[in-house]
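Following: one structure in structure tokens, then a few remarks.
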Amino acid sequence: NAGVTQTPKFRVLKTGQSMTLLCAQDMNHEYMYWYRQDPGMGLRLIHYSVGEGTTAKGEVPDGYNVSRLKKQNFLLGLESAAPSQTSVYFCASRLRGGYTFGSGTRLTVV
Amino acid sequence: TQLLEQSPQFLSIQEGENLTVYCNSSSVFSSLQWYRQEPGEGPVLLVTVVTGGEVKKLKRLTFQFGDARKDSSLHITAAQPGDTGLYLCAGTTSYNNNDMRFGAGTRLTVKP
């Protein structure tokens, strides 16, 4: 049982480039989330989904887009990366209770 | 400003000592969770509390939810090096139980 899998684990982008982060869960969870973690600021919610085909904005959605075409996958896209988007990105899922997190993607935008 | 304020930000103690970390807010939460995060990994859920005044124990860890559901504490008895990590509290309000807000965390180091 893999839980929540994030790919890639590391990535370096140049300013203005685009990329997609993939999150996959094998627990049949309805709810999925994307967070970013920055030093001294904790985790901040970017976008979330309450089920296949749905998405909603979180606390810091600007500069990001998401899609949930399949229940098990939640994609986070950066259309035009900026240095302010340098961060560690975590995906999480849940059924009813606590969140299960992936191990993160460390993204550096230069 | 953080919705959830955690203190202390850093804590370094010797093995065998006791410690308490705090999570405070001016908001009322419908549920509050504690997570532990190790370097290079995602947070792992330790406990969920939902009732004001609730106390939960997990081996040497004791979690308490404030009566007004605005604050929480985590007490560790006889800390061990394996307790080292970043402890995060997180809460949801009744407005949106999908908008979980995290504190910045307490980084605990337990020296052998």
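Chain A is the first sequence line, chain B the second, and so forth, proteins listed ahead of strands; every chain is numbered from 1.
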Taking side chain as everything from C-beta outward and backbone as N, CA, C, O, which of these in A:Y99 sits under 4.5 Å from a heavy atom of chain B? Side chain, backbone, both or neither. both
Pick one of side chain, backbone, both or neither for A:V50, based on which atoms fall under 4.5 Å of a heavy atom in chain B. side chain
What's the spacing between B:Y35 OH and A:F101 CZ if we round to 0.5 Å? 5.5 Å
Mind listing the closest non-hydrogen atom pair of A:G40 and B:A104 along with its distance? O-CB, 3.5 Å
Closest approach of B:Q33 to A:G98 (non-hydrogen atoms, all atoms of both residues): NE2-CA, 3.5 Å
Using heavy-atom distances under 4.5 Å, tell me whether A:L45 contacts chain B through its side chain, its backbone, both, or neither. side chain
Check for me, please, whether B:L58 and B:I76 land in the same ILVMFWY cluster - side-chain distances under 4.5 Å, paths through other members count. yes
Let me know if B:N97 has heavy atoms under 4.5 Å from chain A in its side chain, its backbone, both or neither. both
Do B:L88 and B:L45 belong together in a cluster built from hydrophobic side chains that touch within less than 4.5 Å? yes
Do B:L4 and A:V60 belong to the same hydrophobic cluster, where Ile, Leu, Val, Met, Phe, Trp and Tyr are linked whenever their side-chain heavy atoms lie under 4.5 Å apart, directly or via other members? no
How far does CE of B:M100 sit from OH of A:Y48, to the nearest 0.5 angstrom? 12.5 Å
Tell me, yes or no, whether the heavy-atom count around B:K57 atom NZ, taken from other residues, nucleotides or ligands under 6.0 Å, exceeds 12. no
Return the OG to CD distance between A:S103 and B:Q37, rounded to the nearest 0.5 Å. 10.5 Å
Give me the atom names and distance for the closest heavy-atom approach of A:F90 to B:G42. CE2-CA, 3.4 Å
State plainly whether one hydrophobic cluster holds both A:L75 and A:V4, where clusters connect Ile, Leu, Val, Met, Phe, Trp and Tyr through side-chain heavy atoms under 4.5 angstrom apart. no
Can you find a side-chain donor-acceptor pair between A:R94 and B:N98 that sits under 3.5 Å? yes
Is there a path of hydrophobic side-chain contacts, each under 4.5 Å between heavy atoms of I, L, V, M, F, W or Y residues, that connects B:L74 with B:V44? no
Among B:A90, B:S31, B:G40, B:P43, single out the residue with the greatest number of heavy-atom pairs under 4.5 Å to chain A. B:P43
For B:E17, does the CD atom have more than 12 heavy-atom neighbours from other residues, nucleotides or ligands under 6.0 Å away? yes
Between A:Q37 and chain B, with a heavy-atom cut-off of 4.5 Å, which part of the residue counts as in contact: side chain, backbone, both or neither? side chain
